[in-house]
There are 4 protein chains.
Amino acid sequence: MLGVAADVFAEQGYNATTVRKIADAAGMLAGSLYYHFDSKESMLDEILSTFLGELWAGYDAVLAAGLGPRETIEALVVESFREIDRHRAAVAIYQKESRYLSAQPRFAYLTESQQKFEKAWLGTLERGVAAGAFRADLDVRLTYRFVRDTVWVAASWYRPGGLHSPDEIARQYLSMVLDGIALGSAHP
Amino acid sequence: MLGVAADVFAEQGYNATTVRKIADAAGMLAGSLYYHFDSKESMLDEILSTFLGELWAGYDAVLAAGLGPRETIEALVVESFREIDRHRAAVAIYQKESRYLSAQPRFAYLTESQQKFEKAWLGTLERGVAAGAFRADLDVRLTYRFVRDTVWVAASWYRPGGLHSPDEIARQYLSMVLDGIALGSAHP
Amino acid sequence: MLGVAADVFAEQGYNATTVRKIADAAGMLAGSLYYHFDSKESMLDEILSTFLGELWAGYDAVLAAGLGPRETIEALVVESFREIDRHRAAVAIYQKESRYLSAQPRFAYLTESQQKFEKAWLGTLERGVAAGAFRADLDVRLTYRFVRDTVWVAASWYRPGGLHSPDEIARQYLSMVLDGIALGSAHP
Amino acid sequence: MLGVAADVFAEQGYNATTVRKIADAAGMLAGSLYYHFDSKESMLDEILSTFLGELWAGYDAVLAAGLGPRETIEALVVESFREIDRHRAAVAIYQKESRYLSAQPRFAYLTESQQKFEKAWLGTLERGVAAGAFRADLDVRLTYRFVRDTVWVAASWYRPGGLHSPDEIARQYLSMVLDGIALGSAHP
DNA sequence: CATGAATGAGAGTTCATTCAT
DNA sequence: GATGAATGAACTCTCATTCAT
């Protein structure tokens with residue numbers, strides 16, 4: 001039933017989603033939802049925290065593996081697309097609502113997660129620049145935002161079961177992000 | 001006053017924004033807004049259509065200039081970041097709300113604009129692949145989405161008057177998109 | 001300008017008429033009306049009191065003429081249709097709104113007028129029954145309402161300048177009220 | 001609950017009636033009404049269409065009975081007063097609001113009903129004139145309006161459970177309409 | 001005299017939530 | 001576990017009215 005709610009939230013936006021719509025999609029009446037959940041907000045909370053829990057399980061495993069910076073970035077991107085595949089709705093909700101939600105105490109964990117996230121990615125990029133794996137002529141914060149957005153916005157159009165598997169999409173994205181889309185360019 | 005409304009819509013989301021909040025931000029009472037606008041929706045309409053009007057003025061000029069595919073992409077990206085600079089709030093609103101809005105007849109122009117947009121970008125990318133300017137081993141639709149999202153999501157964090165000028169950001173984005181962030185990669 | 005307001009009130013109803021509609025019909029802006037009138041209610045007040053003033057001037061002349069009961073009824077009906085002709089809108093407003101207005105102190109004169117009205121008509125009918133001019137087998141209060149309504153409701157469809165003059169309509173109405181519409185009936 | 005709404009509409013007028021007044025009269029809060037009805041307008045719609053449905057059931061039975069013109073008129077009047085007795089509020093609402101409502105598509109059936117109504121009454125009167133039952137020296141359209149208004153305006157003052165039963169009122173009205181209120185008049 | 005802009009009370013309506021059944 | 005009915009706060013919007021210009 002959380003899955004149903006997540007789909008509706010993702011499609012219509014949290015605020016524009018009425019409890020009745022969720023109930024309709026779940027085949028019951030609006031009042032009946034309250035046997036299962038405390039509130040509309042608690043559904044959202046559970047959707048987001050479950051997603052972030054699984055995301056960090058994956059990320060932490062990658063970060064603990066002791067890979068080089070380029071390999072770490074690659075693994076994080078692959079992991080991210082797998083999460084998009086498994087939690088598409090949650091990711092879409094996160095993208096749309098997190099800024100406004102993170103102001104509320106109940107969703108403080110969104111801010112924490114975001115900071116941890118930034119530390120992991122930005123740190124890896126900086127490590128990669130120092131190690132000569134990534135270009136030094138780019139603003140690293142800009143690069144961070146570029147890579148981050150590039151990956152996660154995919155949730156807005158990705159549909160599971162489409163032509164490309166998550167791993168295939170990850171591979172193509174990585175190729176674009178790392179090597180660019182132009183032909184014959186080089187950074188000696 | 002449309003600027004005020006756009007800022008509030010961008011920050012809180014259209015649905016979560018009450019007319020009272022807009023009125024507060026504009027220094028008047030909620031009812032007073034209706035002397036200037038027919039409805040909350042008409043404010044949104046005017047914000048988005050004004051933005052799209054100016055966007056297409058710029059895009060059309062670029063597309064009519066007869067540039068090569070790579071130069072066209074470069075010019076479109078530069079133009080896009082300039083629009084983000086001038087219409088940051090409108091772009092953010094567009095990003096968040098357009099999917100759900102485009103279902104309504106009143107906002108049918110969003111769908112039209114999106115199709116024109118896709119045609120311009122996708123066409124240029126295909127032309128570039130054919131001309132040997134862009135890599136042929138990538139899915140061109142995936143590449144399109146990658147480039148498109150890469151550019152426009154910037155509106156979610158961009159603040160006018162920050163460290164980087166729009167043109168500087170465009171330059172860095174283009175460098176990443178075209179040549180990648182990795183050092184020493186080449187596509188001969 | 002009162003005439004304009006009266007027409008709009010008559011057509012749309014007092015409550016459904018906005019000040020703006022009156023102003024539109026008068027060729028000015030809503031706020032400008034307040035140079036001429038204190039309030040929407042005062043327009044209504046002036047319309048109704050002017051009409052009732054003229055009505056009673058006519059009625060009082062009839063009642064003071066010392067006519068017999070049948071001739072008095074005839075004269076009152078003729079006078080009424082002349083008032084409908086001259087104050088069609090006011091009569092229509094009166095018909096629709098008086099019950100609800102008469103509860104307000106400002107419009108107490110409506111109640112007074114109505115009582116005077118009832119006294120004049122009912123008294124004449126009773127006088128006529130006693131004098132053998134009118135049938136005694138009918139409930140006189142019912143008869144009063146019958147005659148009263150019969151006359152005044154005409155304001156709802158009457159349009160000045162139509163086929164029938166007010167006096168012609170009065171003549172036909174009187175013929176129906178006094179002698180009935182059936183052929184060959186008699187009350188010896 | 002429709003009955004409650006009808007009473008309030010009848011007494012105060014549709015526009016002057018707030019949903020809060022209806023809710024008060026029904027012993028609930030304004031918002032609660034919307035569990036039972038889509039809108040204030042849909043209450044009005046249901047009240048009027050229910051009334052017209054029953055009215056035409058009665059009228060159609062009369063018209064199908066194959067009576068002579070005078071008997072038809074008598075039966076229609078009797079039927080009308082019975083409807084006033086059963087749907088007093090609805091009739092009063094119809095009288096006050098129908099002209100303005102019939103302009104809206106939703107209430108187009110009011111216009112249709114009115115045309116059917118006119119056809120039934122006017123046709124019967126014309127038939128009666130041709131058959132020598134009614135006077136030929138009167139304008140038949142004027143007569144139609146006279147009879148029509150005479151009957152239905154009664155809803156504005158009629159109170160169920162009063163001194164006169166609907167059938168008694170109908171009898172007196174018919175006597176006045178058919179034979180007049182004057183004594184000794186004849187139409188040979 | 002008229003305008004344009006604002007006010008503020010109140011309208012119809014929506015919706016998350018509650019709760020007896 | 002689910003339903004139907006109700007709650008009450010909040011929302012968008014309307015409108016009579018005011019007033020500086």
Side-chain angles (χ1 to χ4, degrees), chain A residues 1 5 8-9 12 14-24 26-44, chain B residues 1 5 12-24 26-44, chain C residues 1 5 8-9 12 14-24 26-44, chain D residues 1 5 8-9 12-24 26-44:
Chain A
M1 211 167 71
V8 186
F9 284 153
Q12 321 215 357
Y14 174 70
N15 282 297
T17 299
T18 69
V19 170
R20 198 187 220 147
K21 280 179 194 162
I22 301 173
D24 281 354
M28 52 174 64
L29 292 184
S32 311
L33 283 180
Y34 287 80
Y35 182 83
H36 304 279
F37 293 98
D38 286 348
S39 66
K40 184 184 167 187
E41 201 182 63
S42 80
M43 288 188 230
L44 178 63
Chain B
M1 212 166 72
Q12 321 214 356
Y14 175 70
N15 283 298
T17 298
T18 69
V19 295
R20 212 189 218 110
K21 281 180 194 163
I22 300 173
D24 282 354
M28 51 173 64
L29 291 181
S32 310
L33 286 178
Y34 288 82
Y35 180 80
H36 303 277
F37 296 97
D38 285 348
S39 64
K40 182 184 166 187
E41 199 181 67
S42 81
M43 289 190 229
L44 179 62
Chain C
M1 211 166 72
V8 186
F9 285 153
Q12 321 215 356
Y14 174 71
N15 282 296
T17 298
T18 69
V19 171
R20 198 188 220 144
K21 280 179 194 163
I22 301 172
D24 282 354
M28 52 174 64
L29 292 184
S32 311
L33 284 179
Y34 287 81
Y35 181 83
H36 305 279
F37 293 99
D38 287 348
S39 66
K40 183 183 168 188
E41 201 181 61
S42 80
M43 289 189 229
L44 179 62
Chain D
M1 211 166 74
V8 186
F9 284 153
Q12 321 215 354
Y14 174 70
N15 282 297
T17 298
T18 70
V19 296
R20 277 170 180 96
K21 281 180 194 163
I22 301 173
D24 282 354
M28 51 173 62
L29 291 182
S32 309
L33 286 178
Y34 288 81
Y35 180 80
H36 304 278
F37 295 98
D38 285 348
S39 65
K40 182 184 168 188
E41 198 180 67
S42 81
M43 290 189 226
L44 179 62

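Chain A is the first sequence line, chain B the second, and so forth, proteins listed ahead of strands; every chain is numbered from 1.
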Original post:
Heavy atoms under 4.0 Å, any strand shown: does D/Thr17 hit a base, just sugar-phosphate, or nothing?
Top reply: sugar-phosphate
**OP:** Would you give the length of the straight line joining atom CD1 of C/Ile22 to atom CE of C/Met1, rounded to the nearest 0.5 angstrom?
**Re:** 8.5 Å
Subject >> Spacing of CG belonging to A/Asp24 relative to NZ belonging to A/Lys21, to within rounding of 0.5 Å >> reply: 10.0 Å
Original post:
If you find the nucleotide of DNA chain E closest to A/Tyr34 and the one closest to B/Leu33, which residue's nucleotide is nearer the 5' end?
Top reply: B/Leu33
Original post:
On DNA chain E, nearest-nucleotide positions of D/Thr18 versus B/Ala30: which is more 5'?
Top reply: B/Ala30
Rounding to a whole Å, what distance do you find between [X]:[atom1] and [N]:[atom2]?
{"X": "B/Lys21", "N": "F/dA10", "atom1": "NZ", "atom2": "P", "answer": "12 Å"}
{"X": "B/Asp24", "N": "F/dT12", "atom1": "CG", "atom2": "P", "answer": "12 Å"}
{"X": "C/Ile22", "N": "F/dT14", "atom1": "CD1", "atom2": "P", "answer": "18 Å"}
{"X": "B/Leu29", "N": "F/dA16", "atom1": "CG", "atom2": "C1'", "answer": "15 Å"}
{"X": "D/Met28", "N": "F/dT7", "atom1": "CE", "atom2": "P", "answer": "6 Å"}
{"X": "D/Tyr35", "N": "F/dG8", "atom1": "OH", "atom2": "P", "answer": "18 Å"}
{"X": "C/Arg20", "N": "F/dC13", "atom1": "CZ", "atom2": "C1'", "answer": "13 Å"}

**OP:** Ignoring backbone atoms, test whether D/His36 places a side-chain nitrogen or oxygen under 4.0 Å from the OP1 or OP2 oxygen of F/dG4.
**Re:** no
**OP:** Using only side-chain N and O atoms of D/Ser32, determine if any of them is under 4.0 Å from OP1 or OP2 of F/dT7.
**Re:** yes
Original post:
Are any non-hydrogen side-chain atoms of D/Leu33 and D/Lys40 less than 4.5 angstrom apart?
Top reply: no
What closest approach, in Å, do [X] and [Y] show between heavy atoms, and which atom pair accounts for it?
{"X": "B/Ser32", "Y": "B/His36", "answer": "O-CD2, 3.6 Å"}
{"X": "B/Ser39", "Y": "B/Tyr34", "answer": "CA-CE2, 3.9 Å"}
{"X": "D/Val19", "Y": "D/Ala30", "answer": "CG2-CB, 4.2 Å"}
{"X": "A/Met43", "Y": "A/Phe37", "answer": "CG-CG, 3.6 Å"}

Original post:
If you check every side-chain atom of C/Val19, which of F/dA2, F/dA16, F/dT7 has the closest atom?
Top reply: F/dA16
Original post:
So what's E/dG12 paired with, Watson-Crick or G-U wobble, going by both distances under 3.5 Å?
Top reply: F/dC11
Subject >> Residue matched to E/dT17 through Watson-Crick or wobble contacts both under 3.5 angstrom >> reply: F/dA6
Original post:
Quick one: how far along DNA chain E does chain A reach, first to last nucleotide 5' to 3', anything under 4.0 Å to a heavy atom?
Top reply: E/dC15 to E/dT18
